Amino acid sequence: MVGAVVYPITGTADLSRVEAPVTLKAYLLCAFAAFGGIFFGYDTGWMSGVLGMPFFITQYTGLQYDYAAGAPIGVDPTDFALPSSTKSLMTSILSCGTFFGSLIAGDLADFIGRRPTIIIGCTVFAIGCVLEIASTNQVALFVMGRLVSGLGVGFISATILLYMAEVAPRRVRGALVSGYQFCITLGILLANCVVYATSTRDDTGSYRIPVGVQFLWALILGIGLFILPESPRFHVMKGMINAAAKDLSLVRGQPIDSDYIRDELAEIVANHEYEMQIIPQTSYIGSWMACFQGSLLRGNGNLRRTILGAGLQMAGINFIFYFGTTFFQQLGTIHNPFLISLVTTLVNVLSTPVSFWAIEHIGRRPLLIWGGVGMVVSQFIVAGVGVTAGRVEEHDDAAVRAMIAFICIYIFFFAATWGPVPWVVVGECFPLPIRSRGVGISTASNWFWNCIIAVIAPYLVGKGPGSADLGPRVFFIWGSLCVLSLAFAYFLVPEMKGLTLEQIDNMMEETTPRRSGKWKPTTTFAAQMGRVRTDSPRDEKSAVFGAGGTR
C-alpha cells in the first residue's frame, strides 16, 4: 500500500544538494508541459466571440442580419443578441464540467499517474469538440458538447498543474508554472484571432472553425505526453523507487547513478515518510477528508492549505474573456467590439511574461498584494467613469477611451500577478500524500467561481427581461471581489520562492505568512528522519539503485 514501506534510502544533510542540477533538456520538458494551458485559454476565448457572431445569434434566435450593411434587420443593434439564459447556459456548462473533471482528476492522478490522466483528458476533450461541431441549432447538443469538453479541460488543468509543480526545479519553478498561465493567455489570443477572422462569415464555418482548431491542441499535448516521463513523486507515493529514480534522472537530465539524483530522491522519500506519519493512510472518503483536517489558524493545517488554494480564484477576470465582446456590444459606445476584445487579449499575453522574472525575484506574496492593489484601483475607475462621463447619452469618446485604457491596465495587473501566481501557489502548498486531491479541489474552486460568473454575468449586464442591466456598474462588483482577494493574500499567503516542495512543508509549520519571506531551511528531511549516509557524495558516480530502493 502507498506509504506502507519504509524505504532503505540514505541522503544528505547538505541543504545545497537537496535538488539535482538541471539541464536545458529538463527546462524544455517543463515548458512543454505548460502547453496544457492552451486548452483553458482557447476555450475561454472562442466562446466570448462566438456568442457575438451574427450567424450564431441568427441560428439560435431567428433574428435576421444584413451582412452587406453590417446591421441586424428589424431590431436595435443592442438587442441583437442571444437571450441571457442561453448565454448563461452555454458558457457556464463548460465550467460545470471542468469542476467535476478537476475533482475526478484528483483521484485518477493518484491511481494511474499524472501522465495518463492528462492523456485521458485530451481524449475526452476531443469527444466534446465533436459534439459542439455537430450542433447546428440544437441547444441541447451544443451544451452537451460543452459539458464533455469541460470534463476533459478539468482533467488537464488540474493534472498539468500538479505535474509541473512536481517536476520543475525549485529556483525557476514559479517561472515555469507561470508558463502555464502564459499558455492560457496565448490560447485566448489565438481564439480571438480565429474568431475575428471568421466573425463576419454567413455560414456555420463562422463558429465551427474556431471550435475545430481545438483538435490541434489535443493532438499536440496527447502525443507529447506519451514521450514525457512520469512525476517521480507519484512513483515515490506508490513505493516504486526504481521508477522514481528513472523519472528523476530524466526530468533533471542527470545520470541515474549520480549522487545528485540519489540525494534528491532520498529527500523526497524522507519527506513522504514524515508526511505519512502526520497524514496516515485511511479510507477513500478519509483521504478526501484529510484535505480539511487541522485548524485554519495553523499554517501547517491541511484546512488552511485547502482554503489557501481555493481562495486564490476570485479576481473576476473571466468576465472580460467570457463576455467581453457581448458586453462591449451592449454598452453601445464602442464601434468595433471584436477589435477591442482582441486588444484586451493581446495586453493579457504581453503582460504575462513579466511574471517569469518577477515571481522568482520579487516573490509570490508581494506580487499578489501589489497586483491586487492595482486591480482594485483600475476596476473602480472603470466603474466610476462608466456611470458618469462614459454613459451612452453623454457621447464622450474620451471617457470611453479612458474606460478601455483602465480595463487594459486592470488586465496588465492581473496577467503579471494574479493570473500566474495562484497556479504556482496551489501547486506548491500541499504535502505529497494529499497533493493531487488538494490541487484538484483548488482547481475545481477556480472552475466553480468561473461557473458562477458565467451563470450570473449575462443577467447582471443584460438588457432583457429579468436582467439587471448594470452595464459598467458591474465593475463595482468585480472591484469589491478584488478587495477580498487582496485581504486574503495579505493574511493567508506565505512566501514560497526558492524552496523545494519539501522545504515549503517545514516553512508552513514554523512561521506565519507575514514573516515567511525571512524563513530559511536549517535541515534536510533526510537528516530529520535519520537517513543521512556517512560516505562522501560523489558528483559523477555512485552505486546503482537496487530492487526495493536499496543500493
Side-chain angles (χ1 to χ4, degrees), residues 18-20 22 26-27 29-37 40 102 105-106 108-110 113-115 117-118 121 155-184 225 228-237 244 247-248 250-252 264 267-268 271-272 275 291 302 305-306 308-310 312-313 355-356 359-360 363-364 419-446 493-508:
V18 292
E19 184 174 275
V22 185
Y27 287 121
L29 181 152
C30 296
F32 178 81
F35 184 80
F40 180 179
S102 298
L108 282 182
D110 272 358
R114 285 51 165 149
R115 198 169 57 110
T117 302
I118 300 171
F155 280 26
I156 295 164
S157 62
T159 316
I160 278 285
L161 185 63
L162 174 66
Y163 180 83
M164 292 187 66
E166 291 189 340
V167 304
R170 60 172 170 165
R171 290 182 178 84
V172 291
R173 184 176 58 242
L176 288 173
V177 178
S178 295
Y180 174 76
Q181 174 66 21
F182 178 70
C183 285
I184 291 176
L225 261 295
L228 297 184
E230 181 56 86
S231 164
R233 288 175 170 87
F234 166 73
H235 280 137
V236 166
M237 279 183 55
D247 295 334
L248 197 58
L250 291 172
V251 300
R252 294 291 181 256
E264 183 173 355
E267 185 71 0
I268 295 171
N271 172 258
H272 183 53
E275 295 293 351
C291 295
N302 291 337
R305 298 173 196 255
T306 301
L308 171 61
L312 287 169
Q313 316 290 345
S355 67
F356 296 173
I359 200 167
E360 299 298 353
R364 283 75 158 148
V421 176
W423 296 120
V424 177
V425 173
V426 164
E428 293 175 335
C429 69
F430 293 99
L432 181 57
I434 64 167
R435 183 171 295 139
S436 66
R437 286 173 170 81
V439 171
I441 291 171
S442 300
T443 309
S445 170
N446 171 73
V493 179
E495 183 54 66
M496 306 180 190
K497 70 171 183 176
L499 303 176
T500 67
L501 296 182
E502 289 69 39
Q503 289 169 346
I504 288 172
D505 290 342
N506 264 350
M507 179 270 293
M508 296 185 74

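No experiment lies behind these values; they were computed from the predicted model shown.
A distance of 8.0 Å separates CZ of Arg233 from CG of Leu248, quoted to the nearest 0.5 Å. The line from CZ of Phe430 to CD1 of Ile504 is 12.0 Å long, rounded to the nearest 0.5 Å. Note that OG of Ser231 is 8.0 Å distant from CD1 of Ile268, once rounded to the nearest 0.5 Å. The CG atom of Leu108 sits 11.5 Å away from atom CD1 of Ile118, with the distance rounded to the nearest 0.5 Å. Atom CG of Asp247 sits about 9.5 Å away from atom CZ of Phe234, to the nearest 0.5 Å. Distance check: Ile156 CD1 to Phe35 CZ gives 10.0 Å after rounding to the nearest 0.5 Å.
When all heavy atoms of Met496 and Val425 are compared, the closest pair comes out as CE-CG1, 3.8 Å. Shown here for Asp505 and Asn271, the closest heavy-atom pair between the two residues is OD2-ND2, 3.3 Å. Shortest non-hydrogen contact noted between Ala33 and Ile160 is O-CD1, 3.1 Å. Considering all non-hydrogen atoms of both residues, Thr443 and Ala158 come closest at OG1-CA, 3.7 Å. Closest approach of Val167 and Arg252 over heavy atoms only: O-NH1, 2.7 Å.
Scored by the side chain to side chain contact (heavy atoms under 4.5 Å, CB included) test, Ala109 finds Arg114, Thr117, Thr159, Leu162, Ser436 as partners (sequence neighbours excluded). Remark: Ser355 pairs with Ser178, Thr352, Pro420 by the side chain to side chain contact (heavy atoms under 4.5 Å, CB included) rule, at least two apart or across chains. Partners of Glu495 according to the side chain to side chain contact (heavy atoms under 4.5 Å, CB included) rule, which considers only residues two or more places apart in sequence or in another chain, are Arg364, Arg365, Pro366, Lys497, Ser516.
Ser445 places no side-chain N or O within donor-acceptor distance of the main-chain N or O of Ile441, the cut-off being under 3.5 Å. In this structure, the side chain of Glu428 does not engage the main chain of Ala165 through any donor-acceptor pair within 3.5 Å. Judged by distance alone, with hydrogens and angles left aside, the side-chain atoms of Arg173 form a donor-acceptor pair with the main-chain N or O of Leu499 at under 3.5 Å. The closest donor-acceptor contact from the side chain of Glu230 to the backbone of His235 lies at 3.5 Å or more, if one exists at all. Side-chain N or O atoms of Glu360 include one that pairs as donor or acceptor with a backbone N or O of Gly174 at under 3.5 Å.
A side chain to side chain contact (heavy atoms under 4.5 Å, CB included) with Leu501 is found for exactly one of Arg170, Arg435, Glu267, namely Arg435.
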